[in-house]
J.: 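One structure is given below, represented as C-alpha cells, and several questions about it will come after.
All heavy atoms count here, side chains included; hydrogens, waters and symmetry mates do not. Below, read A as the first sequence line, B as the second, and so on, with proteins coming before strands; counting in each chain starts at 1. Computed from a predicted model, the values in this text were never measured in an experiment.
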Amino acid sequence: MSENEPAKGYDPHSVEEKWYRTWMDKGYFKADANDGDQPYCIVIPPPNVTGQLHIGHALDNTLQDILIRYKRMKGFKTLWQCGTDHAGIATQNVVERQVASEGKTRFDIGREAFIERVWKWRDEYGGKIVNQLKKLGASCDWSRERFTMDEGCSRAVREVFVTLYNEGLIYRGQKLINWCPRCHTALSDIEAEHEDITGALYYIKYPTADGKGHLTVATTRPETMLGDTAVAVNPEDDRHKQWVGHDVILPLMNRTIPVIGDTYVDVEFGTGALKITPAHDPNDFDIGQKYKLAMIKVIGDDGAMTAEAGRYKGLDRFEARKQIVEDLENEGLLEKIEQHQHAVGHCYRCKTIVEPNLSLQWFVDVKPLAEEAIKAVEDGRTRIVPANWSKTYFEWMRNIRDWCISRQIWWGHRIPAWYCGDCDEIIVAKEDPTKCAKCGSSNLEQDEDVLDTWFSSALWPFSTLGWPDKTPELETFYPTSCLVTGFDILFFWVARMMMMGLKFMDTVPFGDVYIHALVRDEHGQKMSKSRGNVVDPLELIEQYGTDSFRFTLAAMAAQGRDISLSEKRIEGYRHFVNKIWNASRFALMNLDGYTDGFPDKEQLDLKDRWILSRLNDVAAKVNETLDEYRFNETAHILYQFIWHEFCDWYVEMAKPQLYDKENAERRLATQQMLFRVLRSIVELLHPIMPFVTEEIWQKLPGTGESIVIARMPEAQKQELDPDAEAQMDTIIQVVSGTRNVRGEMNINPTARPHVDILCHNDGVADILKAQSEMVCSLAGLASIAVHREFTRPEAAATAVVDKAEVFLSLEGIIDFAEEQKRLQKEIEKVQKDIDFISKKLSNDKFVNRAPADIVQKERDKLEGFEEKKAKLQENFERIGKQCA
RNA sequence: GGGCGGUUAGCUCAGUUGGGAGAGCAUCGGCCUUACAAGCCGAGGGUCAUUGGUUCGAGCCCAGUACCGCCCACCA
C-alpha cells in the first residue's frame, strides 16, 4: 500500500466542513467590482429570516451555485449577492407566538418594544438558514450579505415610495381588499389563495315593500346580507324587471332597500336576483359606486360582526351565519339551501378564510409599470426560460390590478407618510418631517402601517447593489445576469422586480430568468406537513453527503417538469461519488515514478487518443448544456462519461501498462494521461459536486491552489479524433462479443482461454493485432490470434461482430446444444433487422423520396446484417454437426 | 370559464433540428479479478395514453378524445 492511498470509501462530512472553511478563509467567493473581467451576477431569492432550508431552497440554490461556480471557473468576475428577507407577516407571527407563550399580546408590549424583540429574535435565530445554505456548499459572497430591513434597503424603499407617490402612482384610498382577520391585516390579491370548497347557496326571500310579493336572492355568505343596500336584477329579465325602481325590505334588519336594474346580473345564475353588499364584495362594491349606494360594514377587522349588524353584533362571522340562517328559517324567509362549489380566498400565511373588506389602504397603480415589463419580455431584453412561462407572465401582467401595499402589522418598513393633526395635509417624504408643510404644525403622526414585504423584495436586484447611490457594484453588476427561482413566486417577486427595475434603473433587472420546477415526493405528490411526506434536505445531506444530493437535484432538473425525488436516486448518485473517489484512489496508488508533464502526440496510443477525444466532446457538451440551463443533461453526460467510458474502459485499459514497470516510457505516458483526464473530470464536475472534486483535485499532482478558482475545461477541437473513436469501437465490440459468449455460456470467469479472430478487413486486423494485449486483458484471455484467412474450428463458440468473427475454443468447456440455442437466438434477432430494412428498401417511395444518404445508410446496414446472418448461419450448422 | 404541463421498461424519469427507443433503481444469472461488493461481467423487460392527420418515415409535427396535475378568474 502506498502512502498516497486515500481512504477506501469517501467520507463526505469532514471533507465538506474542511473545504468550506478554507474557501471562506481564502475569500474565493468575494466579488471585486474593480476587477477587469466580464461580470456575472445572480441575486439570491432572499429566504425568509424565519426560514428553514427546505427542499425547494435546496434545488434553487444548488442550481444557482452550479451557475456561479461554473462562471467563476470560466473567468468571469462573479457575484452571488445573498441575503435574507424580513418576511413581515411570517416573522411577526413567530414573535407574536413567543410573546403569547408569556401570556401577552403585542399590544400589551407596545410597538417599539415589540419591534425590538423582533430584531432580537432575528439576531439570535435569523442566521439559521444562512448556515444551512453553507452546508449546501453555496458560494455566495457572504461579505455582502444583506437584509431587506437593513439601512440601505430601507433607504431604497423610501426613495421608491416617495417617487411613485409624487408621480401619482402610489395613492391612498377606500377600497375593497382581502382582509385576514387572524393576521389582522390587509393582503394583496395574490396573497389570497383561492381554494375550491363545497359550501352552500342560500336562497333568501326579500319581501317587497308593498307587501305584495318577494324577490328571492341567492348567496353563499348570508351574514353579509346585514350590510345589503340594494338588490339587483337584470333589466332584461322578464321575471324580475317589474321590480326595478321599487323597494324591498331587508329581512332581519327591516331596512328598506331599492331594487336596481343592471346588466351585470347573470340571468342564469341562482334566481337572477342579486343582493348587493358594497362593503363586503368586490363586484357589489363596483355596483355600489355606480349607483352611489351606502356602504355598510357589518364584519369587523377581528372577524366579528360590528355594531352595524344590530343584534348580531359581536358574533363571529361564521357564528353569525348559522344564527342568521336559523332566524330566517324561523321567519319563513329561507326558501332552500343548495350545495354549492365555489372558490374561497385563504390567507397565504395562515390559511384563514379572508374577508373582502372595505378599508382605507395604500395602493400602487401598477398598470403603467406593467406595460414596460411586458415589452421587455416581448422584445427579449429579459428571456424567460423555459419560454412557456412567459405566457403566464404576460397573462398576469396584462390583467394586473392595483397592488395593495399597506399592512396593518408592525414588522416591516413603516409607510413614510405623516398626517397633520391640525390640517388635512399628508406629507410623504424621504426624511422624517418635523412640521407640516402646509400649516407648519408640528402635530404630525406617521402612518401606523408598514409596507408589503414584497415591496422591498421588488427592489432587491438594485437595492442590494447600493442604489440609490451610484456605486461601482451597481455600475458593474446591474443588470444582473440570471435569476433562478420557482414559478410559485413569478408574480409575487419576478414580475414586480421587472416593473421596479425598469422604472428606477431604466433597465431590466436580469437578462435571463430561469424558472425551475417544484420538488415533489417520490410518487409525485406535493410535499406537505399534512401528508407527512416532507423530506428535510439537511437530513439527506447528513445521510448521503452534499455532493450526491446536489448531483441528484441537478440530474433531475429537466426543464418544465416537476421533480419526483426518491432517496433511491440519491443513493445511486452517492455510489457515483464513491466511484469517482475510487478511480482517483486508483490513479494515486499508481503515482510512483510519475513526473509532471504531458506526453507528446507521438507517445499517445489508441486508448489515449480515444479518451482525449471523448473528454473534449464531453467538455463541449458540459459547457453547452450549462449555458442553456439544461442541468440534467450536464449531469447525465458526466455520469455516463466518467463511469462508463473513463472507469469501465480507460482505467481498465491503463492497468496493464501501469503494472508493467519494465516499459517506463509507456507507463509514464499513461500516468500523465490518467492524471490529465482525471483532473479535467473533477474540474468539469466541480460546479455540481464542489466538495469531493476539491478533495481529489488537491491530491492530484501539479494542480494548484484551489479548484474553485481553477479553469473550466473547454473543448479543444484539435483533440477530437474520429479515427481513434472508430477504432476503439471495434475493440469494444470484440471485447463485448467475447464477454457476451463467456457470460451466456457460463464459462468460468477465472479461465484464460485462447481466442481466434477472423477478420477480412486489413485495417481492422492490424488494429486488433496491435491492441491484442489490451484485448486480452479486457476480455480475460490468455492470447488472441488474428487471421485474415482461417478455417473455422469445429468446436468453438462464436461471437459475430462488425467486421470480425471471434472463436472461443470449447474443448470440454461447454454444451454444444446450448451454444446452438444461443446462435439460433442471435439469428432470429438479425433476421428481424433484415426484414425491417428490406421492407423499407423495397418501398419505392422511400427509395425515391428519402435523402440519398439515408437510403445509402440503410443499404449499408442491410449488407452488414446479411453478412452477420451468413456467418451466424455457418457457425450454427458447424455446431449442429458437433451435436450430432 | 381561461391558460399551462403530464401520460415512454415493474418504479422514478431522460429523449431540441422526425431516420429502427435510453438511464438510474428493481429483477434474473455469474464473479471477493490486486481502485471501488457503495463493486465487476452478462441477461431479460416497452403496439412511447387513445383516435385520426401530415410525411417515404412520427415518442417527436398537427387536430380531436380520455385520465392526472398545476396556475389564473369578481357568476353571487
J.: Is a donor-acceptor pair below 3.5 Å formed from side chain A:K8 to base B:rA35, judging by atom type as modelled?
T.: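 Between B:rA35 and A:K8, which were checked side chain against base, a qualifying N/O pair under 3.5 Å is absent.
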J.: I'd like the P distance from B:rA63 over to B:rU27, given in whole Å.
T.: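 Pairwise P distance, B:rU27 against B:rA63, rounds to 43 Å.
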J.: Can you check the distance between B:rG59 and B:rU50, where both ends of the measurement are the P atom (answer in whole Å)?
T.: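 Pairwise P distance, B:rG59 against B:rU50, rounds to 11 Å.
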J.: Looking at A:R221 and A:E355, does any basic side-chain N land under 4.0 Å from a carboxylate oxygen?
T.: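 So A:R221 pairs with A:E355 through a salt bridge.
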J.: Please work out if A:A558 contacts a base, only the sugar-phosphate, or nothing of the nucleic acid, heavy-atom cut-off 4.0 Å.
T.: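 Sugar-phosphate, backbone atoms only, no base.
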J.: For B:rG24, does OP1 or OP2 lie under 4.0 Å from any side-chain N or O of A:H644?
T.: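 Answer is yes, contact under 4.0 Å.
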J.: Once you round it to whole Å, what is the distance between C1' of B:rC70 and CG of A:N388?
T.: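 So the two atoms are 13 Å apart, to the nearest Å.
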J.: Between B:rC68 and B:rC62, how far apart are the two C1' atoms, rounded to whole Å?
T.: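 Taking atom C1' in both B:rC68 and B:rC62, they lie 24 Å apart.
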J.: Quick one: the side chain of A:D833 and the base of B:rG20, do they pair up donor-acceptor inside 3.5 Å?
T.: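 Checked by distance alone, the answer is yes.
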J.: Would you check if the side chain of A:H346 reaches a backbone N or O of A:V344 as a donor-acceptor pair within less than 3.5 Å?
T.: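 Such a contact is found between A:H346 side chain and A:V344 backbone.
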J.: Among B:rG20, B:rG19, B:rA14, which nucleotide has an atom closest to any side-chain atom of A:F865?
T.: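 Given the options B:rG20, B:rG19, B:rA14, the side chain of A:F865 is closest to B:rG20.
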J.: What is the ring orientation for A:F487 with A:W389, classed by angle as parallel under 30°, tilted 30 to 60°, or perpendicular over 60°?
T.: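 Parallel.
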J.: Would you measure the distance from the P atom in B:rG22 across to the matching atom in B:rU47 and give it in whole Å?
T.: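 About 15 Å, rounded to a whole number of Å.
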J.: Using the P atom as the reference point in each nucleotide, state the distance between B:rG18 and B:rC75 in Å, no decimals.
T.: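 That atom pair is separated by 42 Å.
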J.: Measure the distance from CD1 on A:I563 to P on B:rU12 and round it to the nearest whole Å.
T.: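 So the two atoms are 15 Å apart, to the nearest Å.
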J.: Across the strands shown, which category fits A:S566 at heavy-atom distances under 4.0 angstrom: base, sugar-phosphate, nothing?
T.: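 Nothing: the residue A:S566, judged by heavy atoms under 4.0 Å, touches no strand.
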J.: Which of the following nucleotides, B:rU12, B:rC31, B:rU55, is nearest to the side chain of A:P749?
T.: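 Of B:rU12, B:rC31, B:rU55, B:rC31 is nearest to the side chain of A:P749.
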J.: Name the orientation class of the two ring planes belonging to A:F576 and A:Y639 (parallel below 30°, tilted from 30 to 60°, perpendicular beyond 60°).
T.: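 Ring orientation, 0 to 90° scale: tilted.
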J.: As a test of reading the structure: which of B:rA23, B:rG6, B:rA35 is closest to the side chain of A:R561, going by heavy atoms?
T.: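 From the listed options, B:rG6 comes nearest.
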J.: Let's see if you can work this out: which of B:rA35, B:rA76, B:rU12 has an atom nearest to the side-chain heavy atoms of A:R569?
T.: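 Selected nucleotide: B:rU12.
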J.: Is A:Y639 stacked on the base of B:rA23 when the test is centres under 5.5 angstrom and planes under 30 degrees?
T.: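 Here the ring of A:Y639 and the base of B:rA23 are not stacked, as the 5.5 Å and 30° limits are not both satisfied.
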J.: Assess whether one donor atom and one acceptor atom, taken from the side chain of A:R630 and the base of B:rU16, lie less than 3.5 Å apart.
T.: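 Indeed there is one.
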J.: Can any side-chain N or O of A:H280 pair as donor or acceptor with the backbone N or O of A:L358 at less than 3.5 Å?
T.: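 A pair under 3.5 Å: no.
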J.: Look at A:K661 together with A:D592 and state whether they make a salt bridge at an N to O cut-off of under 4.0 Å.
T.: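 Salt bridge present between A:K661 and A:D592.
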J.: B:rA35 phosphate, OP1 or OP2: any side-chain N/O from A:K655 under 4.0 angstrom?
T.: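 Yes, such a contact exists.
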J.: Think A:R849 has a side-chain N or O under 4.0 angstrom from the OP1 or OP2 of B:rC56?
T.: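 It does, given that an N or O in the side chain of A:R849 lies less than 4.0 Å from OP1 or OP2 of B:rC56.
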J.: Counting only side-chain heavy atoms from C-beta out, which of B:rU55, B:rG20, B:rG39 sits nearest to A:F836?
T.: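 Nearest to the side-chain atoms of A:F836, counting from C-beta on, is B:rG20.
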J.: Rounded to the nearest Å, what distance is computed from the CD atom of residue A:E633 to the C1' atom of nucleotide B:rU16?
T.: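 About 8 Å, once rounded to whole Å.
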J.: Looking at every strand, decide which applies to A:Y264 at a 4.0 Å heavy-atom threshold: base, sugar-phosphate, or nothing.
T.: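 Since a base atom lies under 4.0 Å of A:Y264, the category is base.
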J.: Report yes or no: is there a donor-acceptor pair, N or O only, under 3.5 Å between the side chain of A:E395 and the base of B:rA73?
T.: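 No, the side chain and the base share no sub-3.5 Å donor-acceptor pair.
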J.: For the pair made of CZ in A:R398 and P in B:rG3, what is the distance, rounded to whole Å?
T.: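 Atom CZ in A:R398 sits about 14 Å away from atom P in B:rG3.
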J.: Nearest whole Å is fine: how far is B:rA43 C1' from A:M745 CE?
T.: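 Roughly 12 Å, once rounded to whole Å.
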J.: Contact class for A:F576 vs. all strands (heavy atom < 4.0 Å): base, sugar-phosphate, or nothing?
T.: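 Since no nucleic acid heavy atom lies under 4.0 Å of A:F576, the category is nothing.
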J.: With rounding to the closest Å, how many angstrom separate the P atoms on B:rA49 and B:rG15?
T.: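 Taking atom P in both B:rA49 and B:rG15, they lie 15 Å apart.
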J.: When you get a sec, tell me which of B:rC70, B:rU12, B:rC56 is the closest nucleotide to the side chain of A:M556?
T.: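 Taking heavy atoms from C-beta onward, the closest nucleotide is B:rU12.
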J.: In whole angstroms, how far is the C1' atom of B:rC70 from the CG atom of A:L490?
T.: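 Nearest whole value for this atom pair: 13 Å.
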J.: Keeping A:R398 on the side-chain end and A:I374 on the backbone end, is there a donor-acceptor pair under 3.5 Å?
T.: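 A pair under 3.5 Å: no.
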J.: Please pick, from B:rU7, B:rG29, B:rA38, the nucleotide with the shortest atom-to-atom distance to any side-chain atom of A:H575.
T.: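 Of the options given, the side chain of A:H575 lies nearest B:rA38.
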J.: When you compare B:rU8 with B:rG53, how far apart are their P atoms, in angstrom units rounded to a whole number?
T.: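 These two P atoms come out 24 Å apart once rounded.
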J.: Could you tell me whether the phosphate oxygens of B:rC40, OP1 or OP2, come under 4.0 Å of any side-chain nitrogen or oxygen in A:K579?
T.: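 Yes, within the criterion.
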J.: Please say whether the positively charged group of A:K655, taken as NZ for Lys or CZ for Arg, lies over the ring of A:F586, i.e. under 6.0 angstrom from the six-membered ring centre and within 45 degrees of the axis.
T.: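 Because its charged atom sits under 6.0 Å from the ring centre and within 45° of the axis, A:K655 does stack over A:F586.
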J.: Nearest whole angstrom, please: distance from the C1' of B:rC25 to the CD of A:E567.
T.: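 After rounding, the gap between these two atoms is 13 Å.
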J.: With rounding to whole Å, what would you report as the distance between B:rA26 and B:rC11 at their C1' atoms?
T.: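 Per the computed distance, 7 Å lies between those C1' atoms.
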J.: From NZ of A:K391 over to P of B:rC70, roughly how many Å is that when rounded to an integer?
T.: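 Checked: the NZ to P distance equals 21 Å.
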J.: How would you label the contact of A:I837 with the nucleic acid (heavy atoms, under 4.0 Å): base, sugar-phosphate, or nothing?
T.: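 If one applies the 4.0 Å heavy-atom cut-off, A:I837 turns out to touch a base.
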J.: Between B:rA76, B:rU55, B:rG19, which nucleotide gets closest to the side-chain atoms of A:E858?
T.: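 For the A:E858 side chain, the nearest candidate turns out to be B:rG19.
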J.: Using OP1 and OP2 only, check whether a side-chain N or O of A:W649 sits under 4.0 Å from B:rC41.
T.: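 For A:W649, the contact criterion (side-chain N or O under 4.0 Å from OP1 or OP2 of B:rC41) is not met.
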J.: Compare the minimum distances between each of B:rC56, B:rA73, B:rC40 and the side chain of A:F846, then state the nucleotide with the smallest one.
T.: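 The nucleotide sitting nearest to the side chain is B:rC56.
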J.: If you only use heavy atoms from C-beta on, which nucleotide in B:rA73, B:rA76, B:rG19 is closest to the side chain of A:K840?
T.: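 Of the candidates, B:rG19 comes closest.
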